[in-house]
2 protein chains.
Amino acid sequence: MVTLKQLAKELNVSISTVSKALNNSEEIGEETVRRVKELAELYNYRPNKVALSLKNNKTKTIGVIIPNILNRFLAKVLFGIEREAAEHGYNIITCISNESLQKEKDSLQLLGNGSVDGFILSVAEESQINNEVEHFKNTIKQGLPIVMFDRVAHDVLCDKVIVDDFDATYNATKSLIEEGRGRIVFISNIDDISVGKLRERGYNKAILETGRLEPLVLKVKKKDDHPKKIKSFFKKNNSIDGIIAADSSSGIIALNTAVNFGLKVPKDISVIAFASKSDSNHTLPKLTTIRQHAKIIGAHAAQVLISRMQNTLTEEDVKTKIVKTSLVKNKSTL
Amino acid sequence: MVTLKQLAKELNVSISTVSKALNNSEEIGEETVRRVKELAELYNYRPNKVALSLKNNKTKTIGVIIPNILNRFLAKVLFGIEREAAEHGYNIITCISNESLQKEKDSLQLLGNGSVDGFILSVAEESQINNEVEHFKNTIKQGLPIVMFDRVAHDVLCDKVIVDDFDATYNATKSLIEEGRGRIVFISNIDDISVGKLRERGYNKAILETGRLEPLVLKVKKKDDHPKKIKSFFKKNNSIDGIIAADSSSGIIALNTAVNFGLKVPKDISVIAFASKSDSNHTLPKLTTIRQHAKIIGAHAAQVLISRMQNTLTEEDVKTKIVKTSLVKNKSTL
DNA sequence: CTGAAAGCGCTAACAC
DNA sequence: GTGTTAGCGCTTTCAG
């Protein structure tokens, strides 16, 4: 990489002259500016990012800590963050906590040493289970703002972007009840995390509100053979006529299993799942989905963090933004 | 963040004394070392990463340019890269080219200004279609090593990590032929990229080698309604008894469609797709898959790049590593 | 109009 | 054993 020093030497002027010329300072003579810019162009000069960061005490970089990049929703949020960040001239450094508290702490520490100006993160499963939040608080105390999305720690005072999980599941369940379904099961493989619990509560509320239906819940664990578990559940409960799935995988498997049992979808049974558009293509009939608008969540988180870092937000007014889901009806419901 | 300067002031010693003490230099007295370390601990001192980068002319950061983070395979590679990088003390800055040549160029430029020590990337679709490689060559000329994976530009002299796409598809097709299948269709929605073409060629070779079978190819475009397109193809070609899918989505949709047509899988028709383990759970029966070992590819790419950046590899011996796929037989084949 | 100098935080060669 | 100094690449104030 060419430096100002090298340009200055070659042009027989001082470093500061070159710097000013390139930054269109009024101070420098027209002719000099021309010469400097020409040579800079020739050598494809770019200001060294690291030097700028040191000088300005700003890296123009956002640290993103994602629990699991293989989760489609989280990957999509990352996509939204990256795009929004890029538009504002920010880069993102990505760390994957892999649902581990330790890795989450490490990432915060590691990037908190000047590598980034702030964080966007979704809390790791282990951290949520242990209700561990000190590391977040420390980071904020250090002066690095955090924006949490989806899985948030309510005890930490910071900006948040969340989904209306409770309402969405409540409404979806209600819509099945209104279809006349009487034996609706809630299937989830995300029972351990905050949003999973919220979704279950939304389901429960809708069911109990009827005064006649009973909640029926199937929790699938990471280590289980998911198709097998769901299949045997169907066998034991053969009157099921409705499914609310807290995650896309459970939804897809449940629908396929139902079809395999000879049930007509949606005549005999309706299925709704938290899932993306492409997921809905992976079942026949197409899956009715609750869409979380992951990209919008990501974009929003990035916007809030960038405002925060540029101090256009006042210290105290941390905000929680709720991004509403949409129920997209396809052919797996009446 | 606390700096050496502040510690020095508080301890009434010089900055370099503090620095040396923290770096366990032999020069400094035992007692001083103790005092310094104590205070550093108290203030939770961490050396400023940016200053170190400037000093050492090394960022310990890898730039990763991914065409599409929503592609499960690519996301998994990213996972592998991140993990391997973290183990070696490297961070990764992620850019998403979104299959755009311009964004790819921009990312290379932007991060090439000192933000990263090297790149790992998979070539964007648009770049492959236009066969554009100058931006890669320029980056390498600048002294920043590149490791390409999966979709590589063969005209660029750099390390590469690829999959045995041709052989894998050839072997998978052959296995269907050996099952006695006579009307095998190749379905792909990745026709535009290098690996898609390789897979098609592998399929073709196996088909043509028989001397009696005819290739039958269905290409699905991004803008198509995938399930619809595949369905109508099935209608027109009702003697199909084998499917090789170049991507997981096509495989899943094709299998579901076949079932929907009343075909028994694998009695009447066999299906094999390039896909991951979790994808195979999303069909009933479980999908037989060609596994690409994405995480291993990522880890390997990171290893090679790190060696390259630490100059433990000699300038000239660029290597292409082929990570072999595995054919994992499930219930969608005989 | 141009240049010298200081400083961002750190390390290391070289005094003392 | 401890301190001074220079330098990584850049911007910016202040002198000339």
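Chain naming here is simple, since letters A, B, ... match the order of the sequence lines and numbering starts at 1 in each.
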* Taking only the side-chain nitrogens and oxygens of B/K55, find out if one of them lies under 4.0 Å from OP1 or OP2 of D/dG9. => no
* **Euclidean distance, atom CD1 of residue A/I15 to atom P of D/dT12 [Å, nearest integer]** => 15 Å
* 5' priority, DNA chain D, between A/V2 and B/T17 [closest heavy atom] -> B/T17
* To do: Report yes if at least one side-chain N or O of A/T32 is closer than 4.0 Å to OP1 or OP2 of C/dC1; otherwise report no.
  => no
* Asked: Does B/E87 come within less than 4.0 Å of B/R83, counting only side-chain N to carboxylate O?
  -> no
* **Distance in angstrom units between A/K9 NZ and D/dG9 P, rounded** => 13 Å
* Asked: Of all the choices, D/dC10, C/dT2, C/dG9, which nucleotide is nearest to the side chain of B/T3 once you look at every atom?
  -> C/dG9
* Asked: When you check the gap from the basic side-chain N to the acidic O, do B/E99 and B/R151 get nearer than 4.0 Å?
  -> yes
* Looking at every strand, decide which applies to A/V13 at a 4.0 Å heavy-atom threshold: base, sugar-phosphate, or nothing. => sugar-phosphate
* Of all the heavy-atom pairs spanning B/M1 and A/N113, show the shortest one and how long it is. => SD-C, 3.4 Å
* Asked: Quick one: is C/dC10 close enough that its OP1 or OP2 comes under 4.0 Å of any side-chain N or O from B/Y45?
  -> yes
* Please determine, for the side chain of B/L54, which listed nucleotide (C/dT2, D/dG9, C/dC10) has the closest atom? => D/dG9
* Structure fact -> Looking only at D/dG3, C/dC10, D/dC8, the nucleotide nearest the B/A51 side chain is C/dC10
* To do: Apply the test side-chain hydrogen bond (donor to acceptor under 3.5 Å, both in side chains) to residues B/D106 and B/Q102: give CA-CA distance (whole Å), side-chain angles for both, the deciding distance (0.1 Å), then the verdict.
  => CA-CA 6 Å; B/D106 290 350; B/Q102 191 56 50; 3.0 Å; yes
* For the side chain of B/I28, starting at C-beta, report the closest nucleotide among D/dC8, D/dT11, D/dT2. => D/dT2
* Asked: Are OP1 or OP2 of D/dT11 and a side-chain N or O of A/S19 less than 4.0 angstrom apart?
  -> yes
* Measure from NZ on B/K49 to C1' on C/dC8 and round the result to the nearest Å. => 17 Å
* To do: Kindly say if A/N23 contacts the phosphate of D/dT11, meaning a side-chain N or O under 4.0 Å from OP1 or OP2.
  => yes
* Asked: Whole-Å distance between C/dA12 P and B/N24 CG?
  -> 13 Å
* To do: Report the distance from atom CG of A/N56 to atom P of C/dG7, rounded to the nearest whole Å.
  => 17 Å
* With no angle test and no hydrogens, is the base of D/dT2 tied to the side chain of B/S16 by a donor-acceptor pair under 3.5 Å? -> no
* Asked: NA contact type, A/N48, heavy-atom cut-off 4.0 Å: base, sugar-phosphate, or nothing?
  -> sugar-phosphate
* Taking B/Q303 as the fixed residue, which of B/K321, B/R308, B/E84 is the one that meets the side-chain hydrogen bond (donor to acceptor under 3.5 Å, both in side chains) rule? -> B/E84
* Asked: Just how far, in rounded Å, is P of D/dT2 from CD of B/E27?
  -> 10 Å
* **Candidate nucleotides D/dT12, C/dC10, C/dA13, ranked by approach to the side chain of A/K20 - the nearest** => D/dT12
* Structure fact -> Between CG of B/L22 and P of D/dG1 the distance, given in whole Å, is 17 Å
* In sequence, state the C-alpha distance, the side-chain angles, and the governing distance for B/L22 and B/L4, and then conclude on side chain to side chain contact (heavy atoms under 4.5 Å, CB included). => CA-CA 10 Å; B/L22 291 174; B/L4 289 184; 3.9 Å; yes
* Figure out the NZ/P separation between A/K58 and D/dC10, and round it to whole Å. => 20 Å
